[in-house]
2 protein chains.
Amino acid sequence: MLSNDLEQLRQKLDGVNMELLQLINQRAEIVQQIGEVKEKQSINRFDPVRERKMLDVLTQKNNGPFENSTIEHIFKEIFKASLELQEDDHRKALLV
Amino acid sequence: MLSNDLEQLRQKLDGVNMELLQLINQRAEIVQQIGEVKEKQSINRFDPVRERKMLDVLTQKNNGPFENSTIEHIFKEIFKASLELQEDDHRKALLV
């Protein structure tokens, strides 16, 4: 009975993993598009004020179980990876 | 026109952030439930084989723009935070 529960919970977790994967990549695509617009306007891609604002909104809306500090940590990793992706795009654009 | 594009993309990004927040916490809840089942069965909460399997599935299904290494990195952070949450629950359970 219990291992049945475990199996069901794991299947649920696998489903959420796939949704997260899609959303994280969907977010990366939007960030790439933002990078392109900024490129045209010669705006700096890294915007710490905007990042801080996004983190504040996220922690305000956070109902747990993760602590705000954990949510901040995970999103900062996602932001960092997104910035690196924009920088790669920028380098590629310069090479073309 | 361009700053209009930027505004729209940012609104889209904010929407995805909220969806991610909900999914990350939903995932944490499932992990907590898994922790409870494992507690009853006295199974160790940390399961590196299962983690490796989840990462393999995620990178197999990854269509980018994030590289597999980035996806692995972000998910490892989520896994680590989830394990810490389970350990907190375990400590609290011992204190009751």
Side-chain angles (χ1 to χ4, degrees), chain A residues 2-38 40-41 43 50 53-55 57-59 61-67 69-71 73-78 80-82 84-85 88-89, chain B residues 2-38 40-41 43 50 53-55 57-59 61-67 69-71 73-78 80-82 84-85 88-89:
Chain A
L2 278 179
S3 49
N4 218 338
D5 286 353
L6 198 60
E7 201 34 60
Q8 276 188 2
L9 287 168
R10 281 179 165 173
Q11 279 176 15
K12 229 166 142 182
L13 196 69
D14 288 339
V16 173
N17 281 347
M18 283 307 118
E19 283 185 72
L20 272 173
L21 175 66
Q22 280 171 8
L23 262 183
I24 286 171
N25 275 323
Q26 193 185 323
R27 191 185 186 286
E29 279 171 26
I30 300 170
V31 170
Q32 281 183 316
Q33 289 165 15
I34 289 176
E36 282 169 33
V37 176
K38 284 186 169 181
K40 285 180 199 150
Q41 293 180 297
I43 306 173
R50 164 88 177 137
K53 225 180 260 174
M54 286 195 289
L55 290 173
V57 172
L58 284 162
T59 51
K61 301 270 181 193
N62 179 34
N63 294 319
F66 274 139
E67 304 273 347
S69 57
T70 308
I71 291 299
H73 174 72
I74 292 171
F75 272 89
K76 275 183 187 169
E77 291 297 324
I78 296 173
K80 205 175 67 187
S82 305
E84 282 164 7
L85 195 69
D88 282 350
D89 288 346
Chain B
L2 277 178
S3 48
N4 218 339
D5 287 352
L6 197 59
E7 201 34 59
Q8 276 188 0
L9 287 168
R10 281 179 165 175
Q11 280 177 13
K12 229 167 142 182
L13 196 69
D14 288 340
V16 173
N17 281 346
M18 283 308 118
E19 283 185 72
L20 273 173
L21 174 66
Q22 280 172 7
L23 262 184
I24 285 171
N25 274 323
Q26 194 184 323
R27 190 184 187 286
E29 279 171 26
I30 299 169
V31 170
Q32 283 184 314
Q33 289 164 15
I34 290 176
E36 282 169 32
V37 175
K38 283 186 168 180
K40 285 180 198 148
Q41 293 179 298
I43 305 173
R50 164 88 177 138
K53 224 181 261 177
M54 287 195 288
L55 290 173
V57 172
L58 284 161
T59 51
K61 301 270 180 190
N62 179 35
N63 294 319
F66 275 138
E67 304 273 346
S69 57
T70 308
I71 292 298
H73 174 74
I74 293 171
F75 272 89
K76 274 182 186 169
E77 291 297 324
I78 297 173
K80 205 174 67 187
S82 304
E84 282 163 8
L85 195 69
D88 283 350
D89 288 346

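Just so it is clear, the model here is predicted, and its values are computed rather than measured. Chain naming here is simple, since letters A, B, ... match the order of the sequence lines and numbering starts at 1 in each.
- In terms of heavy-atom pairs under 4.5 Å with chain A, the best-connected choice from B/Gln32, B/Glu36, B/Met18 is B/Met18.
- At a 4.5 Å heavy-atom cutoff, the contact between B/Ile78 and chain A is made by backbone and side-chain atoms alike.
- Checked by atom type, the side-chain pair B/Asn25/A/Asn63 shows no donor-acceptor distance below 3.5 Å.
- Closest approach of A/Leu21 and B/Phe75 over heavy atoms only: N-CZ, 3.9 Å.
- Taking A/Arg10, A/Glu19, A/Lys12 one by one and counting their heavy-atom pairs under 4.5 Å with chain B, the maximum is reached by A/Arg10.
- Interface remark: of the candidates B/Lys38, B/His73, B/Lys80, B/His73 forms the most heavy-atom pairs closer than 4.5 Å to chain A.
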Q | Pair A/Val57-B/Asp14, side chain to side chain contact (heavy atoms under 4.5 Å, CB included): steps then yes or no | A | CA-CA 9 Å; A/Val57 172; B/Asp14 288 340; over 6 Å; no
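- For the set B/Glu84, B/Glu77, B/Gln8, the entry with the most heavy-atom pairs within less than 4.5 Å of chain A is B/Glu77.
- A/Lys61 is not listed as a side-chain neighbour of B/Asn17, based on a closest heavy-atom distance of 4.5 Å or more.
- Scanning all heavy atoms of the two residues, the minimum distance from B/Ala28 to A/Phe66 falls at CB-CE1, 3.6 Å.
- Residue contact with chain A, scored on non-hydrogen atoms closer than 4.5 Å, is absent for B/Glu67.
- Residue B/Arg50 touches chain A through its side chain alone, counting heavy-atom pairs closer than 4.5 Å.
- Results of the side-chain contact (heavy atoms from CB on, under 4.5 Å) test with B/Leu13 over A/Gln26, A/Gln33, A/Arg27 single out A/Arg27 as the only residue that passes.
- Nearest approach of A/Glu29 to B/Gly64, heavy atoms of both residues: OE2-O, 4.2 Å.
- For chain A, the nearby part of B/Leu85 is the side chain; its heavy atoms alone come within less than 4.5 Å.
- If you measure heavy-atom distances from A/Gln22 to chain B, you find no contacts under 4.5 Å at all.
- Atom CG of A/Asp5 and atom CD of B/Gln41 lie 8.0 Å apart (nearest 0.5 Å).
- Only the side chain of A/Ile71 comes within less than 4.5 Å of a heavy atom in chain B; its backbone stays farther off.
- Both the backbone and the side chain of A/Ile34 come within contact range of chain B, judged by heavy atoms closer than 4.5 Å.
- Contacts of A/Leu58 with chain B are made by both backbone and side-chain atoms, with heavy-atom separations under 4.5 Å.
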